[in-house]
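Chain letters run A, B, ... following the sequence lines, proteins first and then strands; every chain starts at 1.
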Amino acid sequence: MLIDFFARRIVQSVLVLLGVATVVFGLMHLSGDPVRLLAPIDTTSEELATLRKAYGLDRPLVVQYWDFLTSAARGDFGTSLRSRQDALQLVFERLPATLYLSLASLGIALLTAIPLGVIAALNHNTWRDRLVMGVALIGQSMPVFWLGILLIMVFAVWLNVLPATGTRDGWRSYVLPAVTLGLYSMARTARFLRTELLDSLGQDYIRTAKAKGARPARVIWRHALRNALIPVVTLIGLDLAALLAGSVITETIFAWPGVGRLAINAIYNRDFPVLQASVMVVSTIYVVVNLIVDLLYGVLDPRIEVT
Amino acid sequence: MRALRGADWLVRAFIVVILVFVVCAVFAPLIAPYQPDAQNIRMRLLPPLSAGHWLGTDQLGRDILSRIVFGARVSMKIGALAVALASFVGVTLGLLAGYFGKRADDIISWLVNVQLSVPFILLAISVVAVLGPSETNLVIVLALGSWASYARVIRSKTLSLRNREHIEAARALGSRTGRILVLHLLPNMLSAIVVLSSFEFAKTVIAEAALSFLGLAPSSPRYSSWGIMLAEGKDYLAAGWWVATVPGLTIMLLVLATNVVGDWSRDRFDPRGTRQ
């Protein structure tokens with residue numbers, strides 16, 4: 001049964017990645033003639049024909065598609081049209097910066113969301129609860145790009161205490177981008193944890209623990225929070241994936257040398273191999289993290305059904 | 001008004017906020033004191049509460065209030081069209097996947113998973129960069145970022161309703177499939193669709209502003225988007241904090257209002273929830 005579930009989910013993930021590869025391939029052909037996207041505007045039609053041959057774009061679409069899929073499976077996305085480096089190599093060089101930023105954001109989000117969620121749930125329907133939930137709701141409604149600008153304005157321009165861009169200042173460089181990227185997750189996790197905790201506080205085993213004379217702190221931390229955290233953990237897995245994908249705007253605002261900014265610059269420079277490699281890598285991470293979370297859930301909770 | 005029973009003052013206040021934005025969008029030329037693209041270099045970077053310019057002026061001396069009012073028109077129009085397109089496509093596919101199951105469900109669910117696995121902002125930017133930033137392309141791209149949520153929710157609702165008695169009865173009476181889908185299944189999902197649409201609208205407003213912010217808006221000077229204002233204001237944080245702050249707060253206010261009203265309407269009309 002479990003093996004069946006594993007196998008199905010893995011096949012499903014591979015099929016999804018095949019779909020993503022098709023989208024990535026299709027993007028370039030969306031405009032009809034991809035050579036025009038690659039070549040400078042003043043290229044003559046003879047030069048275009050030569051380029052078309054050089055990139056193999058004169059072959060039938062099906063052949064190109066098959067070629068793209070097989071190369072992509074081997075990790076070959078061609079070389080950057082700008083720097084002449086291997087496209088996948090470029091993405092991998094930028095990946096650590098994005099990864100560290102995402103982890104820092106996730107850390108900040110959890111360190112604030114868990115206490116906030118607990119405070120809100122324990123003070124259900126009091127001003128504390130409303131204050132925390134109000135702040136969380138505002139956090140969820142704050143567009144990343146506006147939050148980034150606001151933080152730069154206050155902490156870099158006015159107070160001049162934190163750097164606005166780059167990665168040169170050690171941990172201080174991380175503060176503003178990580179808070180910017182993490183606020184949404186923080187707000188969502190705090191709200192979700194509060195709901196789960198309220199739910200779990202109403203269960204029989206909490207009454208039992210209390211009746212046995214367990215101290216309130218122990219009831220909350222050992223009994224209620226532990227059970228409330230299980231669904232939260234799956235949300236965190238999804239969050240990390242979403243953070244990786246969502247760092248595009250944050251990296252642009254803070255001039256962060258990660259995959260997101262690489263991809264944006266690739267779009268502006270019409271550097272399609274790099275764009276294709278970035279989208280494939282980010283999507284693959286997303287799909288794999290989701291797969292792992294699902295498989296873990298399948299192990300942890302035998303009631304899970306294949307959908 | 002009966003629908004509002006039980007709404008607290010906060011929800012009522014945010015409903016008023018949304019109505020104000022709608023009025024601004026519809027009557028922009030009557031409400032805005034200036035043309036959104038009228039420049040006046042001698043009046044540049046005036047702070048808020050200046051005479052004649054309540055919200056100040058930007059680096060080209062354009063009236064910020066007027067640009068915000070016209071920006072409401074862009075955000076609301078593009079947001080509404082994108083959500084309409086996304087809900088039409090998503091609901092249709094969700095109904096088909098849930099009702100027919102098997103192969104149809106496999107294919108549609110696969111499409112949903114693929115869509116959700118591609119980082120949306122990168123996809124949107126690529127499509128706009130390749131096709132060119134027109135309003136139509138923008139609506140299509142934003143709908144692309146939202147149809148999958150509808151398909152997912154409607155699919156699972158359809159699955160749970162498909163074998164209910166009234167549907168079986170309709171089938172037994174020989175109703176055609178299209179009739180069952182539209183007349184018997186769809187009405188049961190209207191509240192879920194409305195609730196989901198409020199969240200999707202908020203998401204779309206943010207996405208439109210994000211694309212404009214990244215420089216992928218139609219380049220006509222008549223296209224005054226809050227995202228563009230924010231991007232321009234970013235370069236004047238020291239000289240005029242209000243140039244970026246006013247559009248930033250505006251986007252936040254509209255999104256917050258939509259989310260609050262969405263939360264409330266979910267609790268009120270669709271308590272079993274359409275979203276985590």
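Around CZ of A/R94, the count of heavy atoms belonging to other residues, nucleotides or ligands within 6.0 Å exceeds 12. Within a 6.0 Å radius of CZ in A/F25, other residues, nucleotides and ligands contribute more than 12 heavy atoms.
Aromatic pair B/F21/B/W226: centroids less than 6.0 angstrom apart.
At a threshold of 4.0 Å, the pair A/R82-A/D271 does not count as salt-bridged, since none of the basic side-chain nitrogens sits closer than that to a carboxylate oxygen. Electrostatic pairing of A/D294 and A/R8 does not count as a salt bridge here, judged by no charged N lying under 4.0 Å from a carboxylate O.
Contact of A/V157 with chain B is made through the side chain alone, with heavy-atom distances under 4.5 Å. Proximity to chain A is absent for every atom of B/L10, based on heavy atoms less than 4.5 angstrom apart. Only the side chain of A/I253 comes within contact range of chain B, with at least one heavy atom under 4.5 Å from a heavy atom of that chain. The contact between A/I138 and chain B is made by backbone and side chain atoms together, counting heavy-atom distances below 4.5 Å. When heavy atoms are compared at a cutoff of 4.5 Å, B/A209 approaches chain A by way of both its backbone and its side chain. Both the backbone and the side chain of B/A244 come within less than 4.5 Å of a heavy atom of chain A. Interface residue A/L15: backbone and side-chain heavy atoms are both found under 4.5 Å from chain B.
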Inset, instruction - Assess whether side-chain hydrogen bond (donor to acceptor under 3.5 Å, both in side chains) is satisfied between B/E208 and B/S212, documenting all intermediate values. - result: CA-CA 6 Å; B/E208 185 277 323; B/S212 308; 2.9 Å; yes

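When only modelled atom types and interatomic distance are considered, A/R191 and A/Q140 share a side-chain donor-acceptor pair under 3.5 Å.
Looking only at heavy-atom pairs under 4.5 Å with chain A, the residue among B/L214, B/L159, B/L123, B/V127 that has the most is B/L214. By number of non-hydrogen pairs under 4.5 angstrom with chain B, the leading residue of A/L137, A/V287, A/L150, A/V279 is A/L137. In terms of non-hydrogen atom pairs under 4.5 Å with chain A, the most contact-rich of B/T258, B/L249, B/L237 is B/L237. Contact tally against chain A (heavy-atom pairs below 4.5 Å) for B/I125, B/V118, B/T245: the top residue is B/T245.
Within residues 96-114 of chain B, the residues having any heavy atom closer than 4.5 Å to a heavy atom of chain A are B/W110, B/N113, B/V114, listed by residue number.
Judged as a side chain to side chain contact (heavy atoms under 4.5 Å, CB included), and not counting sequence neighbours, the contacts of B/A129 are A/I267.
Of the inter-residue distances, the one linking B/S224 atom OG with B/I64 atom CD1 reads 11.5 Å to the nearest 0.5 angstrom. Between the CG atom in A/N269 and the CD1 atom in A/I264 there is a gap of 11.5 Å [rounded to 0.5 Å].
Figure legend: B/K234 and B/F213 shown as a cation-pi pair, the cationic atom lying under 6.0 angstrom from the six-membered ring centre and within 45 degrees of its axis.
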